[in-house]
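Written out below as structure tokens is the structure these notes cover.
None of these values were measured; they are calculated from a predicted model. Chain identifiers are assigned alphabetically (A, B, ...) following the order of the sequence lines, protein sequences preceding nucleic acid strands; residue numbering begins at 1 within each chain. Scope of the values below: all heavy atoms of this structure, side chains included, with no hydrogens, waters or symmetry mates.
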Amino acid sequence: MNLNDFTIAFGSYDKSAENYHLPDDNPLKAALFMALKLGKPLLVTGEPGTGKTQLAYWAAWHLHNRSDSNLTPFLSRPFVFHTKTASAGKDLFYHYDAISHFQDKEGRKDVSAFIYLSAMGQAISQTMGRRELLGKYKVQGLKNLEALGDEPSSSVLLIDEIDKAPREFANDLLDEIENNKFTIKEMNTTIYRSLDKKTRVLVILTSNNESLLPEAFLRRCLYFNISFPTDAELMEIIIKRIGPFLEETGYQSALDFRSAYEQVIRVFRQIRERSNVKKPSTSELLDWIKVLHMEDLVYADFQNDNLSDKQKRSLQLSLYTLLKNEQDLEAVKGFLKV
Amino acid sequence: MHTATIHNSPLAPLLQRLKMAGYSISIEQMLDIHAFFLSTSLSEINVDELKYLIAPLIAKSPEDQENIYGIIDGYIAEAVGTPKKHPFLQERKPQTFRGKRTSILIALFATLSGFLLAFAMSFVITHSRPAFTLEPGVPPPDTITIQKADTINPSPSITSSKLLPAYEITATQKIMPVSIERPTVAFRLAIILGILIGVLLSFFLFSVKTKEYTTGESGENGYMKSEDLTFPLTVDFIADEHKLLSENKAILQARKNFEKHMPGTSRVLNIERSIEKTIANGGAYTLWFENTHEKRKLLFLVDARFPGGHIEKLFDHLLKKIDSEKLSIERYSYRQSLLELRDAAGRMVSLKEISNRDADRQLVIIGECENIFNGNDHAEETLRLLLRWPSRSMITPVPLADWGHYEGLLLQKQFRVVPADIKAVELLSYAILLNNIPGAKEISAKLKDAYSVSGFDFESIKDLRDYLVDEDIFQFVCSLAVYPKISWPLTISLYDALLRYKIPAQEQYDLLLKVARIHWLNFDKLDDELRLSLLNELRPATERAARKKILELLKEMEQSVPPASPAGKELEIQRTLNQFILFAHNKKAFKEYSDSTKYITRIWDELQEQPLKKHIDSGKEKLFKEHAGRHMNMQEFFAREKEVRKRRITLGRISVTLVPPLIIYLLMTWFQPGFAYLQGSDQLKYEPSDVSLVFTKDACSKADKVEIDVAGKHYYVSMANETETLQLKQVEYDTPIKIIHYSGDLPRVAELNASHLSFSIKLVACEKE
């Protein structure tokens with residue numbers, strides 16, 4: 001792999017929501033539809049890289065573009081809460097910047113200047129819209145109100161990687177969701193969700209199955225596990241998401257490479273089989289294919305000894321996009337004879 | 001009250017079934033289910049998608065989701081009566097040539113039937129009318145005769161003359177050929193062309209069929225030829241453990257415990273927390289210190305005396321499940337002695353070296369305690385090195401009930417010793433976390449169904465059945481004998497096909513451990529006698545499912561196994577054998593495997609599958625049909641099959657040969673093409689008949705005599721009256737007739753022929769208007 005020959009490609013388009021592959025017959029769509037209908041949070045689990053987070057972006061995009069007289073229109077992007085190991089129930093609604101407040105020794109600023117709404121706080125506020133929020137509550141000073149739309153809107157709320165947080169966080173979370181309000185203690189203000197039933201908040205929770213979630217929490221959610229895609233699904237995902245990358249780099253169409261991708265998927269499956277510590281995911285497969293395109297290796301017969309030394313070297317380096325562990329790398333190098 | 005609600009719901013039996021499978025369905029979940037279905041138009045819900053709507057409400061884990069899908073599929077299959085599409089059912093194969101050939105034959109027969117019907121109808125219509133005869137002067141019925149009325153104008157030279165009398169001739173033909181030769185022509189053509197095509201078709205179809213059986217035969221009888229020595233030597237099945245082996249809560253808990261960081265030695269100040277606490281305490285400085293933590297570091301030494309054996313593979317699976325990015329794991333394997341270890345790449349490393357380098361890791365040995373002492377000349381040295389690790393544990397495949405001296409010795413040396421049962425492994429993870437040593441009582445309390453392997457002779461069917469207790473599990477173990485080699489991917493695939501929906505997911509690991517504790521499953525091949533005994537015990541349904549699954553696995557391997565290698569030969573033979581046995585079992589359901597019969601017939605005698613051959617030849621293969629009070633043996637099957645095939649081929653050949661002539665004949669009869677129905681005398685035969693010529697004079701005509709030349713024979717008609725008639729007797733068909741009219745100085749000649757039976761000739765002399 002000669003870095004001077006590198007074709008620079010950003011490939012950022014492929015993460016746009018409209019390229020997310022979710023056909024009508026995918027059961028995940030049914031689960032999403034049920035969650036919206038029943039007003040329950042949807043817990044989505046699955047290996048890393050199976051598209052759990054992307055699902056929320058797709059749901060927001062899809063619902064935004066769909067007109068339904070029973071629903072207030074959705075915002076086109078979700079509100080996202082990235083769970084941390086120290087997250088607490090309060091963090092879902094707002095964050096209070098105690099350090100900056102402490103530094104404001106003279107106390108010139110109002111406390112609201114050190115508070116910004118977190119994802120669930122935004123979603124609840126959005127049910128009434130910024131205009132009504134500012135009219136009803138004294139929250140003008142809050143830092144990130146511009147993220148809200150003026151008019152009431154439904155929205156998708158993504159709480160990502162909930163299993164990272166302490167066990168009790170999960171239970172607190174559902175209590176907070178069901179409360180339909182939150183209190184900013186520092187401002188002594190309680191903000192209520194709009195009573196309009198047409199304005200919904202679709203809550204999507206994701207988990208990497210890293211730890212067991214409390215039984216009570218699981219019972220109160222809808223549950224869906226995204227299994228690793230089948231070969232046909234992988235092919236669809238590749239075609240949809242590699243397309244923009246190919247256009248950017250001057251290739252024709254992803255469809256032209258269908259036969260090559262079949263081989264890549266087959267080898268990818270075998271690599272997954274041989275990876276013990278961290279199995280490569282779909283997103284890593286996409287990265288790998290990009291590298292294979294850039295190195296003109298997409299049609300190469302990976303297990304054939306006829307590969308030139310340069311090709312072998314490039315293939316070996318490309319494996320770093322798939323495998324993140326020395327043990328797995330060794331096992332796969334042996335398998336691919338590189 | 002709730003029960004009443006449940007039973008009033010159309011989904012009640014299904015929910016009941018889910019409850020019986022161990023899923024607790026709360027009232028709230030029940031209400032959600034009903035709320036959803038009541039508020040959704042039924043037309044929006046496809047019965048196949050019901051599982052996707054119910055599972056999210058009840059499932060709490062990926063295994064739950066899969067199990068619930070299975071239960072609902074089963075329920076729908078029973079309720080609707082449609083066959084459940086099992087996830088492991090073979091996909092429909094692309095249509096083979098044989099399939100196409102059948103289609104061709106069906107099409108031919110359909111065409112034939114249609115034409116036969118048309119032919120029959122046409123025959124009935126034709127023969128329901130009276131036959132005709134030609135009777136001059138008495139025209140046959142209009143419906144049968146070919147009636148033609150032509151006006152034959154005289155030649156231009158005649159009609160153009162205004163000065164001379166001319167003729168106006170009207171000919172009337174009412175004639176039908178006495179015999180028509182068209183059937184003869186069409187029949188001859190049809191027979192010649194049809195038989196030619198039929199023979200060609202028959203040759204093509206049956207020779208290609210033979211060719212199918214004869215391609216690529218050399219060396220396929222299981223004997224390896226010297227030039228076959230290419231790699232791979234054997235079929236190494238691949239199975240997706242992630243898909244086939246269920247997540248186990250105890251393993252997840254163990255991993256979670258291992259993922260917890262080890263306490264570090266120092267403490268650090270958390271500034272953010274300190275500020276928060278200071279504000280909360282009204283400005284009084286409150287410093288918040290926290291302990292440092294570091295990633296847990298584990299060292300696994302794994303027994304690999306039986307590489308590829310079930311115990312080794314199960315432990316490998318366990319370690320894969322425990323491994324995580326949040327852990328630092330080093331792993332080595334050992335065979336003869338713990339003093340000599342190997343890393344993942346196969347490099348040798350001494351225990352001494354590891355003990356110097358990795359003593360800060362928490363040691364976990366996976367293997368039998370006995371290995372450390374028994375037969376090890378350096379037991380003391382091994383133990384001395386192992387004692388360097390402050391945290392040392394041992395997971396042994398020996399069941400708790402069979403523990404003895406060696407386990408006791410290690411316990412004395414402050415090893416945490418647990419059996420490999422999953423609850424015990426979970427207990428070990430807690431013990432490592434809390435730094436204590438679980439006692440046998442504590443372990444025993446965790447293991448509900450402890451059992452022993454000592455006292456069982458696993459080569460005895462009775463003992464094996466007693467050990468496994470459950471008949472379905474016993475059948476699963478017997479199914480492992482269907483394939484001649486032992487392989488972990490095969491075992492878990494068969495488990496998936498046979499037991500997944502019967503055994504709760506959380507019991508899968510322990511069941512596989514129980515099976516792996518059967519010593520012969522740690523070898524790569526079964527003893528012939530044992531394999532024969534296991535095959536004899538198989539139930540037909542189990543064997544059928546197992547063979548289908550094996551075919552599925554072999555198909556998956558096709559791409560990665562070179563056909564010319566020994567593994568390719570093995571694959572080919574096993575695929576054909578399994579196809580053959582399934583076909584022999586149910587020819588209709590497995591008709592796509594019919595081609596395997598001839599192949600197996602040929603290689604059977606030389607096949608190196610002694611237990612299977614013995615099993616079938618002794619008439620114990622339950623998938624074969626019964627004959628004379630027992631199941632058919634191979635020779636009987638072959639003989640019957642040969643007879644059937646012979647009959648079928650003969651019938652096929654006859655049909656294929658006869659079909660084209662019939663079709664061609666019918667096509668000709670239907671469309672009457674010109675080449676088969678040439679118009680003219682060559683094709684029509686007529687009897688001689690009487691011809692009448694009627695002469696009429698107009699007022700100006702002065703003709704007194706008309707001369708007629710019939711094939712050189714001259715007749716004269718005296719025109720004494722205004723109208724005169726001449727009857728010519730028995731004139732041959734199409735005989736030329738010339739009418740020569742003498743009207744003074746110049747004769748006028750009109751050419752006629754006897755194909756017309758009646759002519760009216762008007763002698764015109766008056767000037768035409």
Straight-line distance of B:Glu556 CD to A:Arg266 CZ, nearest 0.5 Å: 13.0 Å
So, taking the atom named CG in A:Asn26 and the one named OH in B:Tyr52, what distance separates them when rounded to the nearest 0.5 Å? 8.5 Å
Gap between atom NE2 of A:His101 and atom CD1 of B:Ile279 - 0.5 Å precision: 7.5 Å
Has A:Ile99 got more than 12 heavy atoms of other residues, nucleotides or ligands less than 6.0 Å from its CD1? yes
Quick check for you: to the nearest 0.5 Å, what is the distance between B:Leu57 atom CG and A:Phe224 atom CZ? 13.0 Å
Spatial distance of atom CG (A:Asn225) from atom NZ (B:Lys60) [nearest 0.5 Å]: 14.5 Å
Does any heavy atom of chain A fall under 4.5 Å from the side chain of B:Ala59, the backbone, both, or neither of them? both
With a 6.0 Å cut-off (strictly less than), is the heavy-atom count around NZ of A:Lys324, excluding the residue itself, greater than 12? yes
Is the NZ atom of B:Lys277 crowded by more than 12 outside heavy atoms at less than 6.0 Å? no
Below 4.5 Å from any heavy atom of chain B, which atoms of A:Lys29 appear? Answer side chain, backbone, both or neither. neither
Greatest number of non-hydrogen atom pairs under 4.5 angstrom with chain B, of A:Ala31, A:Ala30, A:Pro27, falls to A:Pro27
Could you measure the distance from the CG atom of A:Leu222 to the CD1 atom of B:Ile58? Nearest 0.5 Å is fine. 11.0 Å
Please look at B:Ile238 and chain A and tell me whether the side chain, the backbone, both or neither of the residue comes under 4.5 angstrom of a heavy atom of that chain. side chain
Proximity breakdown for A:Tyr96 and chain B, heavy-atom pairs closer than 4.5 Å: side chain
If you count heavy-atom pairs under 4.5 Å with chain B, which of A:Ala98, A:Ser227, A:Ala35 comes out on top? A:Ala98
